[in-house]
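The figures here come from the full heavy-atom set of this structure, side chains too, leaving out hydrogens, waters and symmetry mates. Note that ligands are numbered from 1 as they come in the structure, with each ligand's atoms numbered from 1 the same way. Just so it is clear, the structure is predicted and the values come from calculations on it, not from any experiment.
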Amino acid sequence: MVSIARARENPQQPGLQPGPLSLPMNLTDLHGRVVSYLRLSVTDCCNLRCGYCMPPGGITRSEQSQLLSFEELERIASIAVSLGIEKIRITGGEPLIRRGVIPFLGRLSLLPGLNFLVLTTNGILLAELATDLKGAGVERLNVSLDSLKPETFSAITRGGELAAVLRGLDAAVKAGLPHPKLNMVVMKGVNDHEVVDFALLARERGCTVRFIEYMPAGRVEGWQSQFLPAEEILRRIADRFELRPVSDGPTAGPSRSFRFADAPGGIGIISAVSGHFCAGCNRIRVTAQGLARSCLFADDQLDLKPLLRGTSQEELAEALRRFVMAKPGAHRMTPHESHHTPFTMSGIGG
Ligand code: SAM
Ligand code: SF4
């Protein structure tokens with residue numbers, strides 16, 4: 001874990017002023033950013049093996065004792081909400097494969113002060129669980145979908161069935177959930193020729209498609225050849241459709257959003273690599289193993305497991321406040337260089 005003292009000494013982090021510091025009562029960092037969004041992973045396992053996220057053989061399955069129990073995850077959520085977290089996204093791995101996830105979501109949705117409970121899924125199990133998700137109080141889903149062609153979808157996910165995801169999308173709407181936002185990771189030479197098709201889908205379904213820059217999480221050799229910058233993705237869509245910028249709410253993610261001028265639906269562009277949104281970053285992550293991470297591309301992490309298993313509510317809250325205070329000011333990834341330690345995205349939750 002990075003100490004506040006170390007963070008204050010680091011001249012590369014803008015906005016760090018020497019001088020006496022007191023710990024804020026909420027989750028505010030040394031750059032004045034207020035953290036209100038928690039991405040909470042409930043598993044690092046998955047029923048797919050997307051090439052950009054997992055090694056071909058999958059990951060080594062965590063021992064049950066290494067994973068946080070639902071009670072521990074709830075305790076983290078409850079402390080986080082008491083410190084000002086307004087939005088929790090449940091993620092993974094694939095969150096819908098963890099047994100007991102629906103009652104867990106039901107309990108989370110009752111946390112006083114939690115305004116948004118949302119979940120990201122690959123959609124494979126959505127057709128059978130959509131009604132339960134709605135009943136548990138989940139407000140909205142993000143569904144990852146990288147191709148509308150069955151063969152390409154299967155190649156990207158190493159065996160996934162596109163039809164299952166499409167059935168899941170329909171089931172979500174039928175269950176009374178808003179149409180899921182679709183997340184497409186755009187990769188040059190793999191699925192970038194489908195960008196306009198996805199924009200058409202957003203118009204037809206009146207939903208939002210978010211185009212995500214491919215991030216070299218595992219730092220695969222030659223990742224740049226698959227990287228398509230957000231501006232190029234946007235240009236291709238804007239060449240075809242008239243777009244109007246829309247401003248998202250305060251708990252919104254890092255997406256730049258647009259609506260179609262002449263049709264329902266819209267798009268979002270997430271430029272994690274080519275255009276950093278660090279200055280407005282309001283999020284932290286907690287992995288299924290209980291590691292809090294304040295920046296996707298920084299190594300600083302705080303192991304909450306021993307704290308959960310041996311300290312009071314107050315001590316845990318203070319540890320979180322201290323951890324958030326030292327959140328790095330910015331990451332240093334660019335389309336040309338990635339300075340981070342390689343990681344598997346499924347382990348951290350995207
Ligand atoms: N299994 C769920 C799913 O796929 O939606 C949730 C976990 S997944 C790790 C969360 C998000 O991270 C997905 O939208 C996925 O597309 C995104 N993601 C994973 N690896 C990525 C990468 N290398 N670059 C950009 N996005 C990535
Ligand atoms: Fe699984 Fe989601 Fe990673 Fe794909 S992106 S391998 S569905 S965790």
Side-chain angles (χ1 to χ4, degrees), residues 39-59 61-62 88-98 101 118-126 129 133 138 140-147 152-162 164-165 168-169 172 180-188 190-192 198 208-224 226-230 233 253-255 268-274 277 283 285-288 293 296-297 331 333 335 338 340 342-350:
R39 294 180 67 98
L40 187 58
S41 284
V42 295
T43 179
D44 49 9
C45 294
C46 190
N47 46 0
L48 295 181
R49 298 268 176 279
C50 304
Y52 50 67
C53 179
M54 284 233 186
I59 53 163
R61 219 186 163 90
S62 300
I88 296 182
R89 176 173 304 282
I90 301 302
T91 176
E94 174 47 40
L96 298 186
I97 65 171
R98 181 152 177 190
V101 74
V118 292
L119 178 140
T120 297
T121 172
N122 60 29
I124 294 290
L125 296 176
L126 188 52
L129 291 175
L133 288 166
V138 172
R140 179 181 276 283
L141 305 171
N142 282 15
V143 173
S144 303
L145 181 59
D146 300 323
S147 175
T152 312
F153 181 84
S154 174
I156 293 172
T157 56
R158 298 197 181 101
E161 190 204 345
L162 173 64
V165 183
L169 293 177
K181 286 187 182 174
L182 303 178
N183 286 347
M184 178 200 192
V185 177
V186 183
M187 291 162 285
K188 212 195 288 179
V190 177
N191 62 353
D192 64 314
F198 269 88
T208 299
V209 175
R210 297 174 352 137
F211 298 93
I212 304 176
E213 279 181 347
Y214 165 61
M215 294 179 243
R219 287 234 315 252
V220 193
E221 204 54 41
W223 62 273
Q224 283 95 342
Q226 286 196 346
F227 178 78
L228 192 71
I233 300 169
S255 172
I269 304 274
I270 302 185
S271 53
V273 178
S274 71
F277 32 78
R283 61 183 55 193
R285 296 169 167 82
V286 175
T287 70
R293 203 157 165 131
L296 192 52
F297 296 108
H331 71 74
M333 178 132 68
S338 54
H340 66 285
F343 60 87
T344 46
M345 200 69 98
S346 58
I348 295 189

Practice problem: Give the contacting part of C46 toward ligand 2: side chain, backbone, both or neither, where contact means a heavy-atom distance below 4.0 Å. | Solution: side chain
Considering only the protein, which heavy-atom contact is closest to [atom], and what is its distance?
{"atom": "atom 26 (N) of ligand 1", "value": "V185 CG2, 3.5 Å"}
{"atom": "atom 23 (N) of ligand 1", "value": "M215 O, 2.8 Å"}
{"atom": "atom 19 (C) of ligand 1", "value": "M345 CG, 3.3 Å"}
{"atom": "atom 11 (C) of ligand 1", "value": "G350 CA, 4.2 Å"}
{"atom": "atom 8 (S) of ligand 1", "value": "G92 O, 4.3 Å"}
{"atom": "atom 4 (Fe) of ligand 2", "value": "C50 SG, 2.3 Å"}
{"atom": "atom 3 (Fe) of ligand 2", "value": "C53 SG, 2.4 Å"}
{"atom": "atom 14 (O) of ligand 1", "value": "S144 OG, 2.8 Å"}

Does [X] reach ligand 1 with a nitrogen or oxygen that is under 3.5 Å from one of the ligand's nitrogen or oxygen atoms?
{"X": "E94", "result": "yes"}
{"X": "N142", "result": "no"}
{"X": "T121", "result": "yes"}

Quiz item: Just checking, is any N or O donor in the side chain of R293 or T287 under 3.5 Å from an acceptor N or O on the other one?
Solution: no
Practice problem: Taking atom types as modelled, find out whether E94 and T121 have a side-chain donor-acceptor pair closer than 3.5 angstrom. | Solution: yes
Quiz item: Taking non-hydrogen atoms only, is T120 closer than 4.0 angstrom to ligand 1 via side chain, backbone, both or neither?
Solution: both
So, [X] side chain and [Y] main chain: donor-acceptor pair closer than 3.5 Å or not?
{"X": "R285", "Y": "I348", "value": "no"}
{"X": "Q226", "Y": "V190", "value": "no"}
{"X": "R98", "Y": "C45", "value": "no"}

Atom [atom1] in [X], atom [atom2] in [Y]: separation rounded to 0.5 Å?
{"X": "L145", "Y": "R210", "atom1": "CG", "atom2": "CZ", "result": "13.5 Å"}
{"X": "D192", "Y": "M187", "atom1": "CG", "atom2": "CE", "result": "9.5 Å"}
{"X": "I124", "Y": "T157", "atom1": "CD1", "atom2": "OG1", "result": "6.5 Å"}
{"X": "L119", "Y": "I90", "atom1": "CG", "atom2": "CD1", "result": "7.0 Å"}
{"X": "N183", "Y": "N122", "atom1": "CG", "atom2": "CG", "result": "11.5 Å"}

Quiz item: Any idea which atoms of ligand 2 are less than 4.0 Å away from a heavy-atom of M54?
Solution: 6 (S)
Quiz item: What atoms in ligand 2 come closer than 4.0 Å to a heavy atom of N122?
Solution: 7 (S)
Quiz item: Quick one: does V273's side chain get under 4.5 Å of P216's, heavy atoms only?
Solution: yes
Practice problem: Take N191 and F153 through the side chain to side chain contact (heavy atoms under 4.5 Å, CB included) test and state the conclusion after the steps. | Solution: CA-CA 9 Å; N191 62 353; F153 181 84; over 6 Å; no
Quiz item: Can you find a non-hydrogen atom of S41 under 4.0 Å from ligand 1?
Solution: no
Exercise. Please state whether E213 comes within less than 4.0 angstrom of ligand 1, counting heavy atoms only.
Key: yes
If the cut-off is 4.0 Å to any non-hydrogen atom of [X], which atoms of ligand 1 fall inside it?
{"X": "T91", "result": "6 (C), 7 (C)"}
{"X": "Y52", "result": "16 (O), 18 (N), 19 (C), 20 (N), 21 (C), 22 (C), 23 (N)"}
{"X": "G93", "result": "1 (N), 2 (C), 6 (C), 7 (C)"}

Quiz item: What closest approach, in Å, do T152 and S147 show between heavy atoms, and which atom pair accounts for it?
Solution: CB-OG, 3.2 Å
Quiz item: Taking the non-hydrogen atoms of S144, is any one of them nearer than 4.0 angstrom to ligand 2?
Solution: no
